Amino acid sequence: MRYLIIGSGGREHTIAWRLMQDSSADTVFVAPGNGGTDARFRADIEVNDFPSIEDFCISHKIDMVIVGPEAPLVKGIVDYLNDKRIPAFGPSKKAAMLEGSKLFAKNIMKKYSIPTVRHRVFTGKAALLEYVKEVKTFPIVIKLDGLAAGKGVGIPETREEAVEFIHSTVKDETTVFVEDYIDGEEASVLCVSDGTRIIPFVAAQDHKRIYDGDRGPNTGGMGAYAPAPVMTEARLKFVHQNILQRTIDGMKEEGIPFKGILYAGVIVKGDNINVLEFNVRFGDPEAQVIIPLIDGKLGDLFQASVNGSLDRISISFKNMHAITVVMASGGYPGAYEKGMEISGLDLISDNVIVFHAGTTGSSGKYYTNGGRVLNVTALGTTLREASSTVYREIDHIRFNGAYYRTDIGHRALE
Ligand code: GLY
């Protein structure tokens, strides 16, 4: 099989690595890829440039396209390629609305009794500011409706912070939600679906805040681990039946079958589990810990999802623990410099996998090229073992301003 993966992050490097490693693929191209992609297999095409992706697929005889990030999915890349008879893994444009519009997702959840956090919808600044005047308890959660590259959620702790967030992000025509704040533990529960069935993955936990102790501003994710013990067997069963499968059934009922990766971001508080958000692709950095734990061929899952034959597939998960720590550029998630030379990658021991994210370069000379630069990843028979391995090895890797959290996995390790 010849695959083309769309995207440039650690998630896409992980998918490419796994397809080659488990012999799912003969050849894997990545567009645009990063320093982790062998330069011969990088396609210099932007993720939303559908005609150039189509041309590349034809000229390079691509059998299947795997779409990593949400933006091209929400813009309809799967429909576009399917119209040209190019198989593509991921949801259709309409199905991707589960991530593209929080209001659409909320309506599906309401209609099909999928547990989610209570919310109110507002259009524009004025109505929201009026509401915020009356709020009695903070924090509250304010979410913008469309894709906002991680910047569409504010959790103001005071009325003043809420007003500041609204003035800086909400325009007069913006659809906004206010949700109750739930002080629970978050987890990412993902599955692959063929439109009818699901195969769930091990649950993971991301660390969204920049600083240790889950403090500071939100990022795209500073590290993850799996399995996440907060998702006990009973809780997982609940999520599989009442959230993931019920959503797939509901989408089918709506005439919008969902194929691809369905990611439920859930919050657990005592016996209550609620959906915070749906994503329609692998999480990043969750993919970096889920994919290495899969026992089976990743390519088989992609093909069975596209062909509607997940019932013919069975995969299991290694009885191990995985952890990934993100090395970021100094200043991220604010302004940061690029072009810092990365050293020490050759000193890393063989039991650690370094997935590239914001890097450029090739043949052993690599430079920073983004906020999240590298994902240093290890497996162990326990989470503690995996964590010790990562934190022992990460010290070998250097670049000016390098920053990483030192407490990834703390909830499970404490
Ligand atoms: N790690 C969070 C996300 O991928 O959306």
Side-chain angles (χ1 to χ4, degrees), residues 5-15 34 47 66-74 90-91 96-102 105 141 143-155 185-192 201-211 214 216-228 230-231 239 243-244 247 260-268 275-293 322-328 332-333 355-358 370-377 404-405 408-409 411-412:
I5 299 172
I6 306 296
S8 62
R11 163 183 54 206
E12 288 76 25
H13 187 195
T14 310
I15 296 170
N34 56 36
V47 300
I66 312 296
V67 188
E70 60 278 17
L73 290 167
V74 170
M97 292 271 285
L98 277 179
E99 178 164 0
S101 165
K102 293 182 179 68
V141 182
K143 292 184 174 177
L144 274 54
D145 185 37
L147 286 186
K151 298 196 176 65
V153 180
I155 309 182
E185 192 167 338
E186 290 185 32
S188 308
V189 191
L190 284 70
C191 69
V192 59
F201 297 142
V202 282
Q205 193 170 60
D206 185 13
H207 298 60
K208 293 210 170 76
R209 305 292 187 121
I210 185 75
Y211 301 128
D214 298 316
N218 266 336
T219 68
M222 293 302 293
Y225 67 96
V230 63
M231 293 313 296
V239 173
I243 294 177
L244 294 173
T247 304
I261 301 292
L262 180 61
Y263 163 151
V266 300
I267 184 124
V268 180
V275 177
L276 289 177
E277 62 176 8
F278 281 126
N279 295 320
V280 298
R281 34 81 194 170
F282 275 114
D284 187 340
E286 287 94 328
Q288 288 85 314
V289 290
I290 293 171
I291 289 175
L293 289 173
I323 186 166
T324 191
V325 176
V326 171
M327 291 189 81
Y332 174 78
F355 295 119
H356 287 236
R372 292 190 292 169
V373 177
L374 296 166
N375 305 119
V376 186
T377 310
Y404 59 85
R405 276 182 60 161
I408 300 302
R411 285 199 190 81

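For ligands, and for the atoms within them, numbers begin at 1 and follow the listed sequence. Predicted model only: the values in this text are computed from it and were never measured.
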With heavy-atom distances below 4.0 Å as the criterion, list the atoms of ligand 1 near [X].
X	result
Gly283	4 (O)
Asp206	1 (N), 2 (C)
Gly220	1 (N), 2 (C)
Asn279	5 (O)
Tyr263	2 (C), 3 (C)
Glu286	1 (N), 2 (C), 4 (O)

Q: Between Glu99 and ligand 1, find which residue part has any heavy-atom pair under 4.0 Å and reply side chain, backbone, both or neither.
A: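 The answer is neither.
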(Q) Using a strict threshold of under 4.0 Å (side-chain N to carboxylate O), is an ion pair present between Asp214 and Arg411? (A)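 Yes, charged N to carboxylate O under 4.0 Å.
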**Q.** SB check Lys208 Glu186 (cutoff 4.0 Å)
**A.**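 Answer for the salt bridge query: yes.
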Q | Closest non-hydrogen atom pair between Asp206 and Ala224, with its separation | A |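 So the minimum-distance heavy-atom pair works out to CA-CB, 4.2 Å.
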Q. Taking all atoms of both residues into account, what is the closest heavy-atom pair of His13 and His356, and its distance?
A.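 Distance-wise, the nearest heavy atoms are ND1-N, 2.7 Å.
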(Q) So, 4.0 Å and heavy atoms of Arg281: is ligand 1 close enough to count as a contact? (A)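 It does, in that a heavy atom of Arg281 comes within the 4.0 Å cut-off of ligand 1.
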(Q) Looking at ligand 1, is there an atom of it that comes within less than 4.0 Å of some heavy atom belonging to Gly265? (A)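 No, Gly265 has no heavy atoms under 4.0 Å from ligand 1.
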Q.
With no hydrogens and no angle check, just 3.5 Å: does a side-chain donor-acceptor pair link Tyr263 and Glu286?
A.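 Side chains of Tyr263 and Glu286: pair found under 3.5 Å.
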(Q) Could you check whether any side-chain heavy atom of Phe282 comes within less than 4.5 Å of a side-chain heavy atom of Phe201, counting everything from C-beta outward? (A)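 Side chain of Phe282 against side chain of Phe201, heavy atoms only: contact under 4.5 Å found.
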Q.
Apply side chain to side chain donor-acceptor pair (under 3.5 Å) to residues Ser8 and Asn34 and explain how you reach the verdict.
A. CA-CA 6 Å; Ser8 62; Asn34 56 36; over 6 Å; no
Q. Is Asp284 in polar range of ligand 1, meaning some N or O pair under 3.5 Å apart?
A.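 Yes, Asp284 has an N/O under 3.5 Å of an N/O on ligand 1.
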